[in-house]
Structure formats: structure tokens, C-alpha cells
Amino acid sequence: MLRVEEVYKSFDGFMAVNRASLHVGRGQIVAVIGPNGAGKTTLFNLITGQLTPDRGRIFFEEQDITRLPPFAICRRGIARSFQIANVFPRLTAFTNVQVSVLSQQNKSGKLFRPATNMAIKETYDILEHVGLSDKAQHLAGSLSHGDQRILEIAIALGNKPNLLILDEPTAGMSPEETKRTMDLIKGLAQVRNLTILFCEHDMDIVFDVAQSIMVMHHGSTLIQGTPQEVRENKEVQEAYLGGEDA
Ligand code: ADP
Ligand code: MG
């Protein structure tokens, strides 16, 4: 579904992404793992068009999306969340999601259908699915940090993506919130048939849910493989288990 081929991105000569490659199969949950500063967020920004790679190419469903702007990539079916929660704090949780549901309906040219009614049901369905329906009328800014991050996933779902990209979905969460979020992510893949790409610096979380893991180190891909292949890889063991990042 997604193929990232040897992309590079430098900032003032510093190679933040230095030959990273990645493939994501339809229906898979794929994780990118690496210590802080490894280049995970930059890689996601390259995929979703917030940044353009210096070199390399990115294909989504066999189409080259390397130089497309973010809205065009979103329209093709890639939605994302950000490392820092990105909600409209003065709108209710409901309205936050409804806005993205409506904008998706406009995008697909259904502007003159009775959009609002449809969006209401769809919005409630999404809030229900992520476990926020009882907080639908709360202002987003008044929700706990964990709920705001889940709301952000709900907003991304309003775009009806085929591929959902999540940047450290459990960052700053309590252990209970982390478990709830990872269960949600597993459920999204199963129930909504979504393909999920997420990044994380906590190895334990990743090994629990990912079917394929890409390990990033200093901007480069060390390896991509099954959890077992990654666990048994010597370079990974050196980088993580023996080395400075243990
Ligand atoms: P990660 O998400 O794995 O923690 P990032 O992709 O955020 O890593 O960052 C990788 C490296 O690139 C870091 O050293 C970071 O400081 C640097 N970097 C990221 N974005 C920028 C930017 N816009 N300008 C300059 N340096 C950046
Ligand atoms: Mg990051």
C-alpha cells in the first residue's frame, strides 16, 4: 500500500532522515521505532507532504506521491495525528470530529446531500468507536491529555482514511491510557479494516501490536521485519540492548 524508497531530508546540512525505506502492506499494523531524534517524525512529515524529501520516492497505492501537498495526500486516503495533540480546544469533541466528517463529504463532492444529518450519525459512530461518546459535548480543551490524543485519532477517522499514520499515539499517557489506546489501535485495524503506521520509542508497546517493525537509527533504516526478525537482529541488539540507547 505504501512504499518509501530511500528518502533523505536534511536541515541546514544535518541529515535528519538519511536513507530511510519502509513498506506497509494493506491491513497491516506497522511500527517505526527508534530513539528520540532518530528521524521518525520527519519521516512521517515526508510521507504526508508536510516536508518534501531531498532525494528518494514515496508511492501510495502504486502512485508517486513524493511531491504532492498535504491536502492532496490526505484526499488519496492518508490521515495522520501529530506528536502534539492537535484539536480545536474551544469546540466540543463532537464538533471537532464533525468538521472532519463534513470536510470529507465535501471533498468527495457530496456537498448538496443532507450532509449535516449524515455527519451527525457518522460523528457519533466514530466517537462511540473510540470510547468518547459520553464526552461528545465536552469542550476539547477540557478533556484529559489522553482523551485529547484519542480525539485526534477520531478526527483523523473522520477523513475516512485507508492508511492512518499516528505519531507516538501514547506519548504522555498513563499506563492505563496507553493500554486503552493500543487496544483501540488494534481494534481499528480489525473492525475498520484500516492500515496503520505508527511510531513509538517504547519497544514493549511496539512488539505487542505490530506485525512489521522498521527500526530507525540516526535517520537510517537499520532493518524492517517481523517482531521476531527485529528481536534477533544483531545490529538492533547492539543499538538498543548493548549500546547507549539501552
Ligand atoms: P524523532 O521523531 O525520531 O524523535 P525527529 O524526526 O523529530 O526525530 O528529528 C530528527 C532530527 O532532526 C532531530 O535531531 C531534530 O532535532 C532534527 N529536526 C527535526 N525537524 C527539524 C527542523 N525543522 N529543523 C532542524 N532540525 C530538525
Ligand atoms: Mg518524533
Side-chain angles (χ1 to χ4, degrees), residues 2-24 29-58 65-70 73-74 78-87 145-146 148-153 155-156 163-173 177-178 181-182 185 196-210 212-225 227 230 233 235-241 243-246:
L2 178 75
R3 223 164 63 236
V4 177
E5 293 182 348
E6 301 194 349
V7 290
Y8 294 73
K9 181 71 190 177
S10 65
F11 299 108
D12 297 324
F14 172 77
M15 300 294 275
V17 170
N18 190 6
R19 199 162 186 256
S21 296
L22 173 71
H23 51 91
V24 179
I29 299 181
V30 178
V32 175
I33 189 159
N36 280 332
K40 304 180 296 297
T41 296
T42 306
L43 177 65
F44 285 3
N45 285 335
L46 293 174
I47 296 169
T48 55
Q50 268 83 23
L51 294 171
T52 308
D54 302 333
R55 284 165 62 190
R57 298 219 289 174
I58 302 170
I65 60 163
T66 316
R67 270 154 221 292
L68 293 183
I73 292 174
C74 179
I78 301 181
R80 72 173 293 183
S81 75
F82 290 84
Q83 190 166 350
I84 296 164
N86 213 355
V87 301
H145 170 75
Q148 287 193 30
R149 303 230 49 204
I150 296 215
L151 178 60
E152 213 199 343
I153 296 177
I155 294 169
L163 172 64
L164 179 62
I165 299 184
L166 303 171
D167 193 342
E168 302 212 18
T170 67
M173 287 189 177
E177 288 173 328
T178 296
T181 304
M182 294 321 292
I185 289 172
I196 292 172
L197 172 65
F198 75 104
C199 74
E200 190 42 78
H201 59 263
D202 183 334
M203 278 262 201
D204 292 335
I205 292 177
V206 164
F207 277 96
D208 181 39
V209 297
S212 175
I213 299 172
M214 190 274 251
V215 184
M216 252 186 126
H217 200 62
H218 300 314
S220 306
T221 298
L222 265 188
I223 178 183
Q224 181 176 2
V230 168
N233 181 275
E235 275 182 290
V236 175
Q237 287 175 1
E238 272 161 19
Y240 275 89
L241 307 175
E244 58 198 334
D245 303 315

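All values below come from the heavy atoms of this structure, side chains included, with hydrogens, waters and symmetry mates left out. Read the numbers this way: they start at 1 and go in the same order the structure lists the ligands and their atoms.
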Of Thr41, Thr42, Asp12, Asn18, the residue with the heavy atom nearest atom 9 (O) of ligand 1 is Thr42
Is a donor from one side chain sitting under 3.5 angstrom from an acceptor on the other, for Glu200 and Thr170? yes
Problem - Nitrogen or oxygen of Gly37 less than 3.5 angstrom from that of ligand 1 - result: yes
Exercise for review: Examine all N, O or S atoms of Asn36, backbone included, and report whether one is under 2.8 Å from the Mg ion (ligand 2).
Suggested key: no
The single option from Ile73, Thr48, Leu2 that satisfies side chain to side chain contact (heavy atoms under 4.5 Å, CB included) with Leu163 is Leu2
CZ (Arg3) and CG (Leu22) are apart, to the nearest 0.5 Å, by 11.5 Å
Under 4.0 Å between heavy atoms, the region of Pro35 that gets near ligand 1 turns out to be backbone
Checklist line | Donor + acceptor pair across side chains of Ser10, Asp54 (<3.5 Å) | finding: yes
Worksheet item: Would you say Ala38 has any N or O atom under 3.5 Å from an N or O of ligand 1, going by distance alone?
Response: yes
**Asked** Does Gly39 come within less than 4.0 angstrom of ligand 1, counting non-hydrogen atoms of the residue?
**Response** yes
Exam field: side chain Thr52 to backbone Arg67, donor-acceptor pair closer than 3.5 Å: no
A student checking ligand 1 against Asn36 at a 4.0 Å heavy-atom cut-off should list atoms 4 (O)
Residues Asn86 and Arg149: side-chain donor-acceptor under 3.5 angstrom: no
